[in-house]
Amino acid sequence: MQLHCTRPGCARPVNHFADLDDPNILKSVPQKFCMHCGMPLILVGRYLPTKLLGQGGFGTAFLARDRYTPGMRSCVVKQFQPSGNLKPAQLKVAQDLFEREAEVLEQLGREHPQIPDLFAFFEVTDPNSPKNAKFFYLVQEYIEGQTLEAELVQNGRFSESDMRNALEQTLKILEFVHENGSIHRDIKPSNIMRHQNGRFYLLDFGAVKFVTKAVGNIQSSTGIYSAGFAPPEQISGSQVFPASDLYALAATCVMLLTGKSPQDLFDSYNNQWNWRKQAQVSSQFADVLDRMLRHAPAERFQSATEVLAALAPKPTPPPPTPPLPTPTPQRSPIISRFSTLEWIGGSIFTGFEAGILAIAMVSLLGTTLISATFWLMLVGILLLAQYWRFIEKIDLVILAGVSLLTVGFVRQLNEAGEFVRAGHPALNVLIFAGLTALVALAIGLVFRLIFNLVSRLL
Ligand SMILES: Nc1ncnc2c1ncn2[C@@H]1O[C@H](COP(=O)(O)OP(=O)(O)OP(=O)(O)O)[C@@H](O)[C@H]1O
């Protein structure tokens, strides 16, 4: 089995121990030492660093195995070394800070599924160092995946939709971090990881690095940042805010969208970011990122929640409401189709015509069944013609006049009308037709009255 020495600067840190391939020896061996520098390799007797994961400005990350777990769980051991030769009082401050920050990390990791769990934190004194140098270690959950920086190298620039997904997930993590009173301080592509299951994780809270740098000047955040990503207030050593993390997150996004480093995208002469032309993104998305990148923290979004709201698709205006359907008439179509005046006119016309036709039919065919049938048919046709409005208004007057003249002055058609006043057949026809018109009017009005009553009751 291979074990990696954690002493900074060890010239030959990789050690091989064949006996550790036996699980029984692996579990029971008290300690192993670096064959080159003599540094104890099994940290606090439990964690076995097997491989170097990366070396940052503040310390080193190792892939390790936890020999106290049944499956020899994989974990990440991060080592921080306080800078310089510390006086005992400074070392005490560093120890206290480290402990406090580790507690915060433990709580964040326990409560949020996308922050690696903190398994342990401890210090190791270098036995071979004349000044008894101290190293601080954090042991945390190993996330199987790739950092966004590694993805950029491997797959090239991010698409807008992929970037949005990563950004939104990271903002949700930051929302939680900020609500818990913490600030990450070191957001950048190498500190966001995409797990194989697609979830994004936020790594490497800068607060712990702060311990390594801040001894003797614990009020300042000077130096605890990554160039290009950190906002101006952090670079100048002023107070940091949730908006400081938002700035670094937006700088991360523009790097991933353009494939260029922040230094290449920031115009320091004009103090502005020039990235939009180098990425293919919607103006809404670009506007959000630009606001996160404003110089003054007060001009940025003030919280991750605000950014998430700005990213959310704007609700599309509701389609114009269609005009209300005209209510289906509750009453008889005949009543709604014809006004009272039309009813009266129609009744008079129908009665009048029925009288004229009766005279004509009786004159031509006598009082026979055939004449009655013809009469009924003709009256029916007249009624339908009015109902369908083939004849209406002035047509009624014209038709009545034409039929009166025809029947009144054609002898064969008005013989039956001679029974009232001999010698004036046209007048007889008019009187008879007028009477039938009155009867029809009376019937029509009664009919309409009944209809009105029934429709109101229904
Ligand atoms: N919890 C983790 N799970 C899996 N891999 C991790 C984890 N933490 C760190 N790594 C890997 O280790 C690498 C080194 O991490 P580390 O935090 O030491 O350095 P960095 O973030 O690249 O640099 P700096 O320390 O300057 O911020 C990361 O890039 C990542 O690939």
Side-chain angles (χ1 to χ4, degrees), residues 4-9 13 43 47-66 73-83 98 101-102 105-106 108-110 112-121 135-155 166 169-170 173 177 183-214 221-231 234-235 240 244-245 248-249 251-252 255-256 261-263:
H4 204 289
C5 177
T6 61
R7 180 207 297 278
L43 302 170
Y47 301 101
L48 304 133
T50 54
K51 186 180 151 194
L52 181 71
L53 282 176
Q55 203 149 15
F58 299 90
T60 313
F62 302 92
L63 178 62
R65 311 295 295 268
D66 178 356
R73 178 173 65 186
S74 291
C75 53
V76 172
V77 168
K78 289 199 173 183
Q79 183 208 52
F80 303 93
Q81 188 188 17
S83 54
F98 181 69
E101 294 299 349
L105 283 188
E106 185 184 26
L108 293 176
R110 194 176 45 227
H112 201 287
Q114 285 160 281
I115 296 174
D117 283 345
L118 181 72
F119 296 144
F121 65 96
F135 302 111
F136 296 89
Y137 295 87
L138 288 180
V139 183
Q140 61 179 214
E141 183 186 354
Y142 173 62
I143 310 302
E144 269 181 77
Q146 248 187 335
T147 65
L148 299 193
E149 186 183 47
E151 278 195 13
L152 180 67
V153 172
Q154 192 176 307
N155 307 328
Q169 287 199 38
T170 312
I173 308 172
V177 170
I183 292 174
H184 187 286
R185 289 184 175 91
D186 196 19
I187 293 175
K188 58 182 176 178
S190 66
N191 283 339
I192 302 173
M193 271 192 99
R194 192 196 310 247
H195 193 283
Q196 282 166 357
N197 65 15
R199 269 204 199 166
F200 292 89
Y201 281 73
L202 189 54
L203 309 179
D204 207 11
F205 283 68
V208 176
K209 296 173 187 170
F210 178 73
V211 176
T212 68
K213 193 88 180 173
S221 64
T222 311
I224 316 304
Y225 60 83
S226 297
F229 300 98
Q234 200 171 342
I235 294 170
V240 287
S244 311
D245 279 347
L249 183 55
T252 299
M255 173 170 172
L256 297 171
S261 76
Q263 283 92 342

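Indexing begins at 1, ligand by ligand and atom by atom, following the structure's order. Quick note: numbers below take in every heavy atom, side chains included, and nothing from hydrogens, waters or symmetry partners.
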Going by the atom numbers of ligand 1, which of them fall below 4.0 Å from some non-hydrogen atom of [X]?
X      : value
Tyr142 : 3 (N), 4 (C)
Val76  : 1 (N), 2 (C), 3 (N), 4 (C), 7 (C)
Thr147 : 29 (O), 30 (C), 31 (O)
Leu203 : 1 (N), 7 (C), 8 (N), 9 (C)
Glu141 : 1 (N), 2 (C), 3 (N)
Ala61  : 12 (O), 14 (C), 15 (O), 18 (O)
Asn191 : 21 (O)
Gly54  : 14 (C)

Q: Output yes when Lys188 and Asp204 qualify as a salt bridge under the 4.0 Å nitrogen-oxygen rule, no when they do not.
A: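 Between Asp204 and Lys188 there is no salt bridge, as every charged N stays at least 4.0 Å from the carboxylate O atoms.
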Q) Is ligand 1 under 4.0 Å from a heavy atom in the side chain of Gln140, in the backbone, in both, or in neither? A)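 For Gln140, the contact with ligand 1 is made by the side chain alone.
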Q.
Checking contacts here: is it the side chain or the backbone of Asp186 that comes within 4.0 Å of ligand 1, counting heavy atoms only? Could be both or neither.
A.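 Contact part for Asp186 vs ligand 1: side chain (C-beta onward).
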Q: May I ask whether Met193 has any heavy atom positioned less than 4.0 angstrom from an atom of ligand 1?
A: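 Right, Met193 reaches ligand 1.
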Q. Would Gln146 count as a contact of ligand 1 if the rule is a heavy atom under 4.0 Å away?
A.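 In this structure, Gln146 fails to qualify as a contact of ligand 1 - no heavy atom is under 4.0 Å.
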Q) Less than 4.5 Å apart, any side-chain heavy atom of Thr6 and any of Phe62? A)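 Yes, side chains in contact.
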Q | For atom 9 (C) of ligand 1, the option (of Lys188, Lys78, Glu149) bearing the nearest heavy atom | A |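 The residue whose heavy atom sits nearest atom 9 (C) of ligand 1 is Lys78.
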